[in-house]
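Residue numbering restarts at 1 for every chain, and letters A, B, ... go by the order of the sequence lines.
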There are 2 protein chains.
Amino acid sequence: MPHKRIERVIRAALERGARPPAPPKLAEALPYAVLPGGARVRPHLCQTVARACGDDLPDLTDHAAAALEFIHCASLVHDDLPCFDDADLRRGKASVHCAFGEPIAVLVGDALIILAYETIAEAASNDPARAMGLTRALARSTGTPYGICAGQAWESEDRVDLSAYHRAKTGALFIAATEMGAIAAGHDPEYWTELGARIGEAYQIADDLRDTLLDEEELGKPAGQDSVHNRPNAVTAFGIDGALRKLHDALGAAIASIPSCPGEAELAEIVRQQAERLTPVAYANRVA
Amino acid sequence: MPHKRIERVIRAALERGARPPAPPKLAEALPYAVLPGGARVRPHLCQTVARACGDDLPDLTDHAAAALEFIHCASLVHDDLPCFDDADLRRGKASVHCAFGEPIAVLVGDALIILAYETIAEAASNDPARAMGLTRALARSTGTPYGICAGQAWESEDRVDLSAYHRAKTGALFIAATEMGAIAAGHDPEYWTELGARIGEAYQIADDLRDTLLDEEELGKPAGQDSVHNRPNAVTAFGIDGALRKLHDALGAAIASIPSCPGEAELAEIVRQQAERLTPVAYANRVA
């Protein structure tokens with residue numbers, strides 16, 4: 001099972017990071033931030049693209065997928081900090097800084113970023129050149145000027161470049177997911193950038209819909225946060241129907257962008273399923 | 001000039017990270033955290049070891065050296081945060097969170113960690129297998145359980161494993177410096193671990209001496225911080241003379257540990273010069 005393969009790599013890396021001489025609180029907080037985890041959307045997207053490209057080095061793919069999840073979890077831990085969203089709840093439990101204190105939360109985020117690059121390096125003997133391509137793609141989507149750090153830093157500006165904000169904060173890691181799937185399987189990542197960008201766009205709109213339409217219990221984290229933090233939200237901008245239409249358009253564009261490859265049809269089907277999963281059920285029939 | 005080569009790589013990487021579409025505050029804070037910089041001790045150590053090993057790929061060495069400095073600066077920015085040392089001053093100017101706010105300081109630290117791995121990846125085409133070795137060595141010294149994150153996390157524990165604390169918080173990046181110098185030049189890093197560990201030990205003791213003996217103006221950062229934060233300090237433990245003797249012993253052991261290599265004599269001389277530089281002048285004659 002591809003999903004089980006990702007969890008195995010994730011757990012093994014966390015165990016290595018948490019074993020002695022790691023100090024006890026950090027050792028407990030590190031897996032706390034990653035397990036049991038959310039939907040693992042980005043690692044699965046990476047695996048799916050790799051499979052569509054032939055996936056001749058599945059071990060490298062799994063490590064790339066785990067690296068994506070570590071970066072995603074690091075960004076959640078740091079985003080939840082008091083100086084950003086000050087969120088008490090994440091994935092239905094206390095956020096890392098609420099459970100372990102702020103110093104440990106800063107360090108868990110740092111350690112997870114490092115663990116991501118270490119995890120790629122660990123599978124590098126399969127093909128060092130591909131592993132370096134994975135490192136470059138992940139760094140581009142994580143740091144600055146194109147990655148998550150840059151995206152998050154827009155929240156400290158008085159005048160926000162909205163498209164740069166979304167592309168960097170949410171889109172970049174989806175682009176990394178499709179590109180890294182291709183790189184792990186020895187394909188040119190360039191043809192896969194658009195698919196990641198479109199899925200990222202759809203995911204951002206779906207997240208905006210959920211933030212507006214669901215309550216804290218359904219979300220497993222505080223609801224209505226975009227409005228609290230005065231952040232851009234597709235529902236505020238376009239209304240519910242407008243946002244749903246944009247979600248479907250983005251997923252349509254995603255499917256249209258899939259390059260010719262052995263697994264093209266299967267991949268399109270998976271994106272279609274993703275579309276259904278992303279759309280809040282009660283509102284899906286409004287654009288049916 | 002080897003030193004100029006490091007600065008060139010550092011500046012080029014910072015410029016790439018700070019260019020559009022990076023948001024303005026992050027773009028300003030990123031170079032602020034790294035330039036004009038301290039003594040660049042770790043990158044120079046890395047270059048020195050590489051030279052002793054023949055340095056057949058100097059471009060890879062320079063990128064490894066710059067990566068070490070980015071990690072070091074990231075750890076300073078995060079260490080200065082209000083939830084850790086809450087330090088207002090660093091290298092004679094306002095710390096990053098004082099100058100740009102806490103959110104930007106968290107993100108600058110994150111971005112510098114990522115920039116370190118990206119910088120290695122950038123020079124990878126020289127030799128992807130060596131670049132992956134560099135990534136592994138840097139990750140080990142940076143994350144958990146052996147690296148800076150683990151070291152810093154000991155400060156959140158009630159009972160501290162002192163030797164694990166020092167080895168991880170300060171020693172690890174010196175070990176990375178010697179190991180990465182060897183790896184960049186195609187040598188086995190294993191023979192270079194001891195040299196890094198001993199120099200790290202010496203550096204820690206010298207830092208303890210400076211923290212106790214110098215004032216804020218001489219240090220360019222708050223003095224007496226170990227006592228304020230109740231951190232272990234060699235002067236408190238062994239007295240000034242005891243600490244000075246330990247400093248000289250560590251540097252002697254460092255020189256003795258240098259493996260047989262083309263640049264052995266030159267390297268020993270550099271460590272001897274380092275010893276003089278590290279010892280506060282007014283106290284040097286006490287152990288002469």
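The contact between A/Leu81 and chain B is made entirely by side chain atoms (from C-beta outward), counting heavy-atom distances below 4.5 Å. Residue B/Leu112: no heavy atom, backbone or side chain, is found under 4.5 Å from chain A. Only the backbone of B/Pro20 comes within contact range of chain A, with heavy atoms under 4.5 Å apart.
Atom SG in B/Cys149 sits 7.0 Å away from atom CG in A/Leu26 (nearest 0.5 Å). The distance from atom CD1 of A/Ile148 to atom CG of B/Leu107, rounded to the nearest 0.5 Å, is 10.5 Å.
Ranked by heavy-atom pairs under 4.5 Å with chain A, the first of B/Gly17, B/Ala105, B/Gly101 is B/Gly17. Highest contact tally toward chain B, considering only A/Ala153, A/Ala129, A/Ala116, is held by A/Ala153 [criterion: heavy-atom pairs under 4.5 Å]. Heavy-atom pairs under 4.5 Å with chain A were tallied for B/Ala27, B/Ala18, B/Ala22; the largest tally goes to B/Ala22. Chain B forms the most heavy-atom pairs under 4.5 Å with one residue out of A/Gly109, A/Ala121, A/Ala131, A/Ala111, and that residue is A/Ala121. Taking B/Ile104, B/Leu138, B/Leu30, B/Val108 one by one and counting their heavy-atom pairs under 4.5 Å with chain A, the maximum is reached by B/Ile104.
Here the closest non-hydrogen pair linking B/Ala150 and A/Pro23 is O-CG, 3.2 Å.
Annotation: side-chain contact (heavy atoms from CB on, under 4.5 Å) contacts of B/Ala234 (sequence neighbours excluded): B/Ile205, B/Asp208, B/Phe238, B/Ala243.
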Scan chain B against chain A and return every donor-acceptor pair whose distance is under 3.5 Å.
from, atom 1, to, atom 2, distance (Å)
B/Gly17, O, A/Thr144, OG1, 2.6
B/Lys25, N, A/Glu157, OE2, 2.6
B/Lys25, NZ, A/Ser156, O, 2.6
B/His78, ND1, A/Asp110, OD1, 3.3
B/His78, ND1, A/Asp110, OD2, 2.7
B/Asp110, OD1, A/His78, ND1, 3.3
B/Asp110, OD2, A/His78, ND1, 2.7
B/Ala121, O, A/Arg136, NH1, 2.8
B/Arg136, NH1, A/Ala121, O, 2.7
B/Thr144, OG1, A/Gly17, O, 2.6
B/Ser156, O, A/Lys25, NZ, 2.6
B/Glu157, OE2, A/Lys25, N, 2.6

